[in-house]
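We number each residue from 1, following the sequence as shown.
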Amino acid sequence: AEVALERPRRAAEYGETLVAIRGEAQRMAGLLSELLTLARAESGRELLAREPVELHLLVSDVIAVLEPLAESRSVRLERDADEPVVVVGDQARLTQLLVNLVDNAIKYSREGGSVRVAVSADGPCAEVSIADTGLGIAPEHLPHLFERFYRADPARSRTDGGTGLGLAIAQWIVQRHGGTIDVASAVGEGTTFTVRLPLATDEVGSYTAGPQPA
């Protein structure tokens with residue numbers, strides 16, 4: 001903005017500057033929102049609902065929302081979520097979890113590749129897998145993927161508008177729902193994130209992500 005105001009410029013140049021400023025403002029707003037989410041989680045003030053969530057339908061909704069992004073990157077988005085699978089938890093946070101993982105898979109897939117999202121029941125757990133045919137992640141990066149601001153590929157962070165907090169938030173959401181999240185990857189073949197959550201029982205109510213605030 002300061003450079004743009006140093007001297008009179010053509011309207012097109014001002015337009016380009018405004019687009020750049022808007023993009024940076026949106027990135028910063030996203031970063032602040034995600035930092036606030038993590039801060040609330042650590043303080044125990046992030047309340048989570050506890051209600052039945054039809055995971056197979058939630059996956060279908062997320063895929064419908066992200067389909068345009070996949071098409072814009074020439075990535076095929078596949079769904080294997082026909083079996084009814086119900087968990088108990090916070091639908092908004094579970095949606096955030098799936099959006100983070102599927103969005104990430106699309107952005108790191110090759111042009112012409114695919115992302116497959118599958119949902120199934122495995123014993124007492126619901127299992128969601130998000131598998132892409134991207135470049136894969138080197139073994140030395142895998143133990144650090146859920147750390148805040150860690151990036152296996154720093155060069156792509158600003159291009160894709162990421163904040164480096166998406167996977168940290170995904171892990172927090174899964175853990176607060178009593179589940180686990182794992183990642184497996186092979187360089188040159190792709191990456192698979194697997195989320196396991198307890199299947200729903202008859203008991204529902206309310207719970208929090210930590211101690212209740214005073």
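- In this structure a side-chain-to-backbone donor-acceptor pair under 3.5 Å is present from Thr133 to Ser114.
- The closest side-chain heavy-atom distance from Asn100 to Gln96 is below 4.5 Å.
- Residue Leu55 is not grouped with residue Val86 when hydrophobic side chains (ILVMFWY) are merged at heavy-atom distances under 4.5 angstrom, including chains of intermediate members.
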Thr95 and Asp61: CA distance, side-chain angles, deciding distance, side-chain contact (heavy atoms from CB on, under 4.5 Å) verdict: CA-CA 9 Å; Thr95 299; Asp61 291 342; over 6 Å; no

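- For the atom pair CG of Asp132 and CZ of Arg110, the computed distance is 9.5 Å after rounding to the nearest 0.5 Å.
- Taken together through direct or relayed side-chain contacts under 4.5 Å among Ile, Leu, Val, Met, Phe, Trp and Tyr, Val128 and Phe146 form part of one hydrophobic cluster.
- Summarising the geometry of Ala105 relative to Ile130, their closest heavy-atom pair is CB-CG2, 3.8 Å, with the distance given to 0.1 Å.
- Looking at Asp82 and His56, their side chains never come closer than 4.5 Å, going by heavy atoms from C-beta outward.
- Across all their heavy atoms, Ala126 and Val85 have their closest contact at CB-CG1, 3.4 Å.
- The CG atom of Asp182 lies 6.5 Å from the OG1 atom of Thr194; values are rounded to the nearest 0.5 Å.
- Note: Asp122 CG to Ser129 OG = 11.0 Å, rounded to the nearest 0.5 Å.
- Residues Val87 and His177 have side chains not in contact (no heavy-atom distance under 4.5 Å, counting atoms from C-beta outward).
- In this structure, Val187 is not a member of the same hydrophobic cluster as Val115, with clusters built from ILVMFWY side-chain heavy atoms closer than 4.5 Å.
- Taking hydrophobic clusters as Ile, Leu, Val, Met, Phe, Trp and Tyr residues chained together by side-chain heavy-atom distances below 4.5 Å, Leu57 does not share a cluster with Leu94.
- Interatomic distance, CG of Asp80 versus CZ of Arg116, reported as 4.5 Å (0.5 Å rounding).
- The two residues Glu111 and Ser74 come nearest to each other via the heavy atoms CG-CB, 3.5 Å.
- For the atom pair Arg176 CZ and Gln171 CD, the distance stands at 10.5 Å (nearest 0.5 Å).
- Under the 4.5 Å side-chain criterion, counting only non-hydrogen atoms from C-beta, Val102 is in contact with Leu77.
- Smallest separation of non-hydrogen atoms from Gly123 and Leu199: O-CD1, 3.3 Å.
- The shortest side-chain heavy-atom distance between Val119 and Arg79 does not fall under the 4.5 Å cut-off.
- Summarising the geometry of Ile137 relative to His141, their closest heavy-atom pair is CG2-CB, 3.6 Å, with the distance given to 0.1 Å.
- Between Leu197 and Val174 there is a side-chain heavy-atom pair separated by less than 4.5 Å.
- Side chains of Ser109 and Arg73 form no contact here, defined as non-hydrogen atoms less than 4.5 Å apart.
- With hydrogens and angles disregarded, no donor-acceptor distance shorter than 3.5 Å links the side chain of Tyr108 to the backbone of Leu135.
- When the side chains of ILVMFWY residues are joined at heavy-atom separations under 4.5 Å, either directly or via intervening members, Ile106 and Val183 end up in a single hydrophobic cluster.
- Smallest separation of non-hydrogen atoms from Ala170 and Leu101: CB-CD2, 4.4 Å.
- Annotation: the span from Phe193 atom CZ to Leu97 atom CG amounts to 11.0 Å, rounded to 0.5 Å.
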